[in-house]
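The block underneath contains the structure these notes are about, expressed in C-alpha cells.
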There are 2 protein chains.
Amino acid sequence: MPKLHETAEVEGDRPAVAVKTLAARLREQLADDIVRGALAPGVSLEEAELARRFEVSRTPVREAIRLLVASGLVEARPHRSAVVARATEVELAGMFEALRELECLCAGFSAERMTAAECTELKRIHAALLRVVRAGDPQRYHELNEQFHSIIYAGCHNDYLERLTLETRARIAPFSRAQFRALGRLARSHAEHETIVRAILDRKPDRASAAMKAHIGSVHDAYATYRGS
Amino acid sequence: MPKLHETAEVEGDRPAVAVKTLAARLREQLADDIVRGALAPGVSLEEAELARRFEVSRTPVREAIRLLVASGLVEARPHRSAVVARATEVELAGMFEALRELECLCAGFSAERMTAAECTELKRIHAALLRVVRAGDPQRYHELNEQFHSIIYAGCHNDYLERLTLETRARIAPFSRAQFRALGRLARSHAEHETIVRAILDRKPDRASAAMKAHIGSVHDAYATYRGS
DNA sequence: GTATGCGATTTTGTATGCAAACCTGCACAT
DNA sequence: ATGTGCAGGTTTGCATACAAAATCGCATAC
C-alpha cells in the first residue's frame with residue numbers, strides 16, 4: 001500500500017511545485033496516522049520496520065521521526081525506539097487549557113479581522129453543520145466541525161497564531177477520539193457555534209472569545225466525562 | 001572550539017543521566033547560536049561545512065537541522081541549503097502579537113497559581129532588576145529580564161503553555177536584538193514590571209494580564225521604533 | 001518464586017558512497 | 001545590454017555499512 005516512491009507527476013505545467021522528499025512525505029503520512037488514531041500513543045516506531053513498510057532506507061525514516069519529535073507528536077530517547085507521544089492526565093489538561101485559550105484568541109481576532117469572504121464561508125459551514133445535526137451523523141459532524149474551527153483560526157489573520165492553534169489541536173487529537181458520540185452533544189455544539197458565529201459577524205471580539213471559551217469548556221467537560229474523570 | 005566529541009563525563013554517579021547524541025548537542029548549539037544572534041537570519045547552513053566545523057559526519061548535522069526546521073528556527077527546501085529562518089514584517093508582527101497574548105495568558109494564570117516559593121523568586125528577580133536599572137547595565141538587564149518573564153511562564157503551571165511561550169520568544173529573538181539600548185527604557189520597563197508583580201502577588205488575574213499586555217505593547221513599540229517602521 | 005548476571009540479538013547512532021538536483025559562469029544569440 | 005543554454009562543480013537526498021547501546025532470554029543464586 002505505501003506508494004511513497006511514485007515519481008509524483010507534476011500536476012499542470014507549473015514549474016514552481018517543489019517536489020517533496022521521501023522524508024517529508026513520510027512525515028506527513030506518519031503525522032496523519034497519529035492524528036487520525038491509526039497509530040495510538042505508545043506505539044513503537046521502529047526504524048527498520050517502517051523502512052520495510054514504506055520500502056525506503058532508514059535514513060528518510062529517521063529524518064521523518066526527528067521532524068515529528070520536534071513537533072511533539074513523537075517522543076524519543078537515545079538508543080531507544082521512538083514511540084507515538086503519550087501524555088499524562090496533567091499534561092493533557094494543560095494542552096486542553098492551552099487549546100481553549102488559543103481558540104479564544106483566534107475567535108477574538110476573527111471578530112475583528114475576518115473578511116467578507118471568510119464570513120460567508122463561516123456561515124456556509126455553519127449551515128452545513130446544521131444539516132448534519134439533523135441527519136445525525138457524528139463522523140461527518142466531526143469533520144465539518146474541524147473545518148468550522150479551522151476557519152476561525154485562519155480568520156485571525158495571524159499565520160503564526162493559526163499554526164500554533166492547528167498544531168495544538170493535532171497534538172491533542174490522538175487523545176480525544178470519540179467525542180461526539182451522543183447526539184445531544186451535536187445539537188448543543190451547534191447551538192454554541194451559533195453564538196460564536198453571531199459574535200464574529202457582529203464584530204464583537206469579547207463576545208466571540210467568551211462564546212468560544214464556553215464552547216470549548218463544554219467539549220472538554222464531555223471529554224472528561226467520557227474518560228471517567 | 002567545537003568540543004562536541006568529548007566523552008561527556010558523567011557528573012556524579014547518577015546512572016540516570018541520558019547521554020545526549022551528537023545530533024541533540026548539535027541542535028542545542030545551533031539553536032543557541034541562532035537565538036543569541038551569532039547566526040543571523042538568512043545565513044546558510046551548509047551540511048558539509050557544519051560537519052567539518054564540528055568534526056562529525058553529515059548525518060548528525062542533517063538530523064540537527066531537521067529538528068531546527070520543525071521548531072521554526074531554520075527553513076529548508078528540497079535540494080537547497082537550509083538557512084536560518086527569515087521573517088517578513090507581517091510574519092514578525094504576527095509572532096509579536098502571539099507572544100504578547102501568550103505572555104498575558106501566563107501572567108493571568110500565574111496570578112491564580114503561583115506558589116509562595118515562586119512569588120518569592122519573582123520578587124527576588126524584580127529587586128535584582130531594580131539594582132541593574134540603577135547601575136545602568138542594559139546587557140545585564142536583558143538577561144535578568146528574560147528570567148523575570150520566564151518565571152511568569154513557569155508560574156502558570158501549564159507545561160505546554162510554558163513551552164509554547166518559551167519557543168515563541170526564542171523564535172522572535174533573532175529579530176529583536178538591541179531592544180534596551182536607551183536607559184529610559186530600562187526604568188520604564190521596571191516600572192511596568194512593578195505593576196505586573198503587584199497584580200500577581202495580589203492574585204488578580206485580569207490585572208496581571210492587562211499589565212502584561214501594556215508592558216509587551218511598549219516593548220513592541222520600542223522595537224518598531226528601532227526598526228524604523 | 002524472585003532476583004541477578006551474562007551473552008546473543010536487536011536496534012539505534014554515526015560514517016561514508018553515490019546519484020540526482022541545483023547553482024555558477026561563460027559562451028553565444030538576440 | 002539582456003536573455004538562453006549548457007558544461008562543470010557543488011550540495012543535497014537516499015542507501016548502506018559498521019560500531020555502540022539497549023533489550024531479551026536464560027541460566028543461576030538466594
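A note on names: the letters A, B, ... follow the listed sequences, proteins ahead of strands, and every chain is numbered from 1.
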With A:Arg58 via side-chain hydrogen bond (donor to acceptor under 3.5 Å, both in side chains) - residues at least two apart: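 Listed in chain order: A:Glu47.
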Results of side-chain hydrogen bond (donor to acceptor under 3.5 Å, both in side chains) for B:Glu101 - residues two or more places apart only: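 With neighbours one apart ignored, the set is B:Lys213.
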Under 4.0 Å between a Lys/Arg side-chain N and an Asp/Glu carboxylate O for [X] and [Y]?
X: A:Glu167; Y: A:Arg171; value: no
X: B:Glu103; Y: B:Arg100; value: no
X: A:Arg113; Y: A:Glu162; value: no

Candidate pair A:His157 and A:Thr115, rule side chain to side chain contact (heavy atoms under 4.5 Å, CB included), full reasoning: CA-CA 10 Å; A:His157 288 260; A:Thr115 65; 3.9 Å; yes
[N] OP1/OP2 closer than 4.0 Å to side-chain N/O of [X]:
X: B:Thr21; N: C:dT12; result: no
X: B:Ser57; N: C:dA15; result: yes
X: B:Thr59; N: C:dG13; result: no

Distance in angstrom units between A:Leu22 CG and D:dT16 P, rounded: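 One finds 13 Å between P of D:dT16 and CG of A:Leu22, rounded.
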Gap between atoms CD and C1', on B:Glu47 and C:dT14 respectively (whole Å):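 Value for this atom pair: 14 Å.
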Any donor-acceptor N/O pair, A:Ser189 side chain to A:Arg185 backbone, under 3.5 Å: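 No.
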Donor-acceptor pair, side chain of B:Ser110 and main chain of B:Cys156, under 3.5 angstrom: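 Confirmed, B:Ser110 side chain pairs with B:Cys156 backbone.
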Polar side chain donor-acceptor pair, B:Glu143 to B:Gln139, under 3.5 angstrom: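 Checked: B:Glu143/B:Gln139 side chains pair up, N/O donor to acceptor below 3.5 Å.
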End-to-end axis angle, where each axis spans five pairs of the helix from C:dG1-D:dC30 to C:dT30-D:dA1, to 10°: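 That helix has its two terminal axes inclined by roughly 30°.
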B:Glu46 side-chain proximity, nearest of D:dC14, D:dT12, C:dA15: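 The listed nucleotide nearest to B:Glu46's side chain is D:dT12.
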Within residues 60-69 of chain A, residues whose heavy atoms come under 4.0 Å of DNA chain C: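 Going residue by residue through residues 60-69 of chain A, the ones with a heavy atom under 4.0 Å of DNA chain C turn out to be A:Arg62, A:Arg66.
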Test side-chain contact (heavy atoms from CB on, under 4.5 Å) applied to B:Glu28 - qualifying residues, sequence neighbours left out: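 Checked B:Glu28 against side-chain contact (heavy atoms from CB on, under 4.5 Å); matches are B:Lys20.
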Heavy-atom protein contacts under 4.0 Å, nucleotides 17-23 of chain C, coded B base, S sugar-phosphate only, - none: B---SSS
